[in-house]
Each structure stands twice: as C-alpha cells, then as structure tokens.
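Report on the structure given below.
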2 protein chains.
Amino acid sequence: MSDSPSLDPVQLGAYFDLIEVTSLLRHAVEQQLRESGDLSYVQFQLLARLGDSPTGSHRMTDLADGVVYSRSGLTYQAGLLEKAGLVVRAPSPDDERSVTVTITDAGRALLAKVLPGHIEVVSGLLFEPLSRDDVKTLAGLLAPVREHMRSTPPRSAAPRRRKDGA
Amino acid sequence: MSDSPSLDPVQLGAYFDLIEVTSLLRHAVEQQLRESGDLSYVQFQLLARLGDSPTGSHRMTDLADGVVYSRSGLTYQAGLLEKAGLVVRAPSPDDERSVTVTITDAGRALLAKVLPGHIEVVSGLLFEPLSRDDVKTLAGLLAPVREHMRSTPPRSAAPRRRKDGA
DNA sequence: AGCGCGATGTTCGAATTCGAAGCAGTACAC
DNA sequence: GTGTACTGCTTCGAATTCGAACATCGCGCT
C-alpha cells in the first residue's frame with residue numbers, strides 16, 4: 001500500500017512530545033479551572049471564545065467546530081452554562097434554525113476571575129522553559145499547521161459522497 | 001495577587017494553536033484508529049507503549065502515568081484490552097501488589113496493522129506543512145517543555161514518583 | 001515481631017461524551 | 001408553488017472517564 005509507512009525518529013519524537021505536552025498541560029489547567037471556578041476545560045474554552053468575540057456571541061455550530069467538539073456535546077455544555085447563568089441562548093434573527101449563544105455579565109465576570117490563575121498555570125508549565133524567541137518560533141511553526149488542518153477535510157469526509165464533483 | 005499575569009499575543013497565539021492543533025490531530029487520528037482497528041486513542045497509546053518496551057510489559061501505574069490517565073480509567077481500558085486478547089495482566093514477581101500488563105502477539109499484530117494508517121494521518125496533517133528543519137526545531141522546543149512538565153509537581157497534592165536516585 | 005504509613009490496583013457512582021435518529025427551517029430545482 | 005435535499009440543533013442510548021472509597025501489600029520504625 002504505502003511506500004514507507006514510518007516516521008523519522010525526529011518526527012516521532014516531535015509527535016509524541018506534542019501529545020504528551022498537551023495532555024499534561026490540559027490536565028493541569030483542568031484542575032486549576034475546577035478549583036478556581038468550577039469550570040471544565042471545554043466550558044472555559046467556550047466562555048473564552050464568546051468573550052473574545054466582538055458581539056459576545058456565536059452560533060452553536062461555530063462554537064462546536066471552534067473547540068473541536070461534537071454538536072450534541074455542545075448542546076449539553078451550553079445547557080449547563082445557561083443553567084449556571086453564564087450564557088444565554090436565543091434563536092438567530094437571520095436563520096430561524098440557528099441558535100446564538102451569548103455570554104452574560106456573570107460569564108464575563110467568571111472568566112475574568114478564572115483567567116489569571118489559568119494564565120499562571122500556562123506560563124509556569126508551557127512557557128517557563130521557553131525564551132521569547134522560542135515562543136515566537138513555536139507560534140510560527142504551529143500557525144501553518146493549524147491552517148493546514150483547518151483547510152484539509154473540514155470535519156466530515158466520509159458520510160456520503162453525493163456531491164464529490166469537486 | 002500577582003502583578004500582571006497576562007500573556008503576550010504571541011504566547012497566546014502559540015498556546016491556542018497548540019491546543020487547536022492537537023485537538024484536530026487527535027480527532028482525526030481517533031477516527032482512523034476506530035475505522036482501521038476499532039481502537040480508541042488511549043488504547044492505541046497503551047499498545048504502542050507496551051510494544052515499544054523491551055519486555056513488552058509495564059506496570060499499571062506507569063502506563064497510567066505515561067499516557068496521563070486516571071488509574072481507574074486504566075483499569076477499565078486494561079480490562080477491555082485483555083478481554084480482546086490484546087494484552088495480558090499478571091501480578092508482578094517483585095511487588096505482589098503491582099500488576100504487570102504485557103502485550104500479546106495479537107496485540108502486536110493489531111498494532112502493526114493499524115500503524116501505517118496512523119502514521120499516514122499524522123504525516124498528512126501534522127508534518128505536511130513542515131520542513132525537515134521545522135520538525136527538528138519543533139522537537140527541540142517541545143522536548144524541554146515536556147521535561148519541565150514532567151518534573152514539576154502538580155501544584156497542590158504531590159503523588160510523587162518513587163524517590164528516584166537521580 | 002508488630003504497627004502504621006505509603007503505594008498499587010480495583011470497584012462504585014456520577015458526570016460527560018459521542019454518534020445516530022429526529023425535528024424544524026432554508027435553499028433550490030422544476 | 002411543491003418537493004427534495006441540506007443545514008442547525010436537540011434528544012436519546014451507550015460507552016467512557018474520573019474521583020473517592022476500599023482492600024492489599026511492602027517498608028520503615030520502635
């Protein structure tokens with residue numbers, strides 16, 4: 001099948017370290033968020049994305065896609081956040097079938113409360129052993145990868161190949 | 001509390017891209033593994049670690065620690081893998097309380113069957129937009145971070161590893 | 001030797017996650 | 001205008017995940 005199905009030792013090391021580093025980082029961050037604001041990582045990501053938006057709101061699908069989450073999972077999490085008063089859900093003006101999620105003041109407050117500790121963890125774990133230039137280099141390497149991944153197969157490549165004319 | 005715990009835009013970008021890239025990669029890999037060998041990512045990681053070991057075996061705790069997983073979760077997964085005939089569990093000769101997990105021939109076979117596709121996905125998604133030097137640079141950046149994270153105590157409680165002689 | 005402390009793995013209950021199926025709303029061809 | 005396909009979100013059931021409580025074993029201390 002494939003010609004040479006093996007990675008360089010260097011590639012392998014980079015891949016493993018990538019997975020391991022993010023696993024550890026995620027784990028540490030998760031604990032900090034839980035302690036400081038009773039939030040899961042996904043919930044924090046959602047609030048952060050909403051808070052970062054100019055309008056403070058996003059569509060459900062865009063949120064799910066942004067944080068790489070299943071639709072149903074997002075419905076569940078949005079319900080939790082709404083019940084906690086951190087976001088509000090409302091039908092979209094344009095598309096009646098869309099639901100627009102908007103962060104509330106309480107949501108922004110919680111985000112602000114949690115953020116310093118979060119940043120502290122990330123700084124202490126991820127950026128501690130990296131110089132300023134290192135970080136710049138890292139960012140410069142990851143950005144194209146992110147672009148590439150985002151533009152390759154959007155998220156569904158094999159349900160039905162109806163319109164495979166492209 | 002602290003002075004001004006905010007991250008540079010560059011740091012922030014690197015952090016977000018890191019999370020996003022691994023999320024997307026993990027997702028893609030997970031699907032490939034599910035289709036090609038009916039394995040979850042954790043199961044694959046466990047088999048890979050066992051297959052990579054000179055003895056083909058590891059203690060439960062070391063496995064859990066290695067893949068950043070909870071003990072109880074590992075018990076569950078080990079049970080699944082054992083039921084599928086991919087690994088064997090046996091009490092350790094030295095420590096009667098330890099359980100040694102060993103990969104079976106079937107496990108190695110499945111690993112070998114799944115690996116090419118796995119590597120293909122990783123190559124196509126992660127390494128495609130990176131040159132050889134880029135990968136080398138990336139590996140050089142991540143390795144120290146990994147070391148740092150591994151050697152840093154988990155903030156509050158500290159289930160330390162055995163006091164290693166080093 | 002006896003005792004307590006730490007380490008190891010498992011069980012248990014609760015929370016989360018995902019995919020498939022279902023329900024609306026929208027676009028588009030005819 | 002009507003029918004069909006497609007998108008966006010939710011419900012539902014099943015599988016996984018974690019932390020806390022539990023039983024056991026090993027080790028150091030007196």
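So you know, we letter chains A, B, ... as the sequences are listed, proteins then strands, and number each from 1.
- Between Met60(B) atom CE and dT24(D) atom C1' there is a gap of 15 Å when expressed in whole angstrom units.
- Of the possible donor and acceptor atoms, one in the side chain of Thr104(A) sits under 3.5 Å from a partner among the backbone N and O of Gly85(A).
- Taking side-chain N and O atoms only, Gln77(A) has a distance below 4.0 Å to OP1 or OP2 of dT17(C).
- In this structure, Arg71(B) does not reach the dA7(C) phosphate: none of its side-chain N or O atoms is under 4.0 Å from OP1 or OP2.
- Summarising the geometry, the separation between CD on Glu30(B) and P on dA15(D) is reported as 16 Å, rounded to the nearest angstrom.
- If you measure from atom CG of Asp95(A) to atom C1' of dC6(D), you get 13 Å, rounded to the nearest angstrom.
- The residues Arg59(A) and Asp62(A) are annotated as salt-bridged, a charged nitrogen and a carboxylate oxygen being separated by less than 4.0 angstrom.
- Taking for each of Ser98(A) and Gln43(B) the nucleotide of DNA chain D with the nearest heavy atom, the 5'-most of the two is the partner of Ser98(A).
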His118(A) vs Tyr15(B), ring pair (Phe, Tyr, Trp, His ring centres under 6.0 Å): CA-CA, chis, key distance, verdict
CA-CA 12 Å; His118(A) 176 80; Tyr15(B) 168 47; 5.6 Å; yes

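- Nucleic acid contact for Leu80(A): sugar-phosphate only, since backbone atoms but no base atoms lie under 4.0 Å from a heavy atom of the residue.
- The interatomic distance linking Asp94(B) (CG) with dC27(D) (C1') rounds to 15 Å, in whole Å.
- Other residues, nucleotides and ligands contribute only 12 or fewer heavy atoms inside 6.0 Å of the CZ atom of Arg132(A).
- For Ser72(B) and dG19(D), a side-chain-to-base donor-acceptor distance below 3.5 Å is present, hydrogens and geometry of angles not being considered.
- Each of Leu74(B) and Val42(A) was matched to the nucleotide of DNA chain C holding its nearest heavy atom; the match closer to the 5' end belongs to Leu74(B).
- Rounded to whole Å, atom C1' of dT17(C) lies 14 Å from atom CG of Leu46(A).
- Of the side-chain N and O atoms in Arg59(B), one or more sit less than 4.0 angstrom from OP1 or OP2 of dT8(C).
- Here Arg34(A) lies out of heavy-atom contact (under 4.0 Å) with every strand.
- If you take CD of Glu96(A) and P of dC6(D), they are 23 Å apart, rounded to a whole angstrom.
- Residue order along DNA chain C, read from the 5' end via each residue's closest nucleotide, puts Arg97(B) first among Arg89(B) and Arg97(B).
- Separating the CZ atom of Arg26(B) from the P atom of dC18(C) is a distance of 11 Å, rounded to the nearest angstrom.
- Leu110(B) and Leu80(B) fall into different hydrophobic clusters, where Ile, Leu, Val, Met, Phe, Trp and Tyr side chains are chained together by heavy-atom contacts under 4.5 Å.
- Close to dT10(D), at under 4.0 Å from its OP1 or OP2, lies no side-chain N or O of Tyr76(A).
- For Tyr69(B), counting side-chain heavy atoms from C-beta on, the closest listed nucleotide (dT16(D), dC9(D), dT10(C)) is dT16(D).
- Spacing between atom CD of Glu82(A) and atom C1' of dC9(D) amounts to 13 Å, rounded to whole angstrom units.
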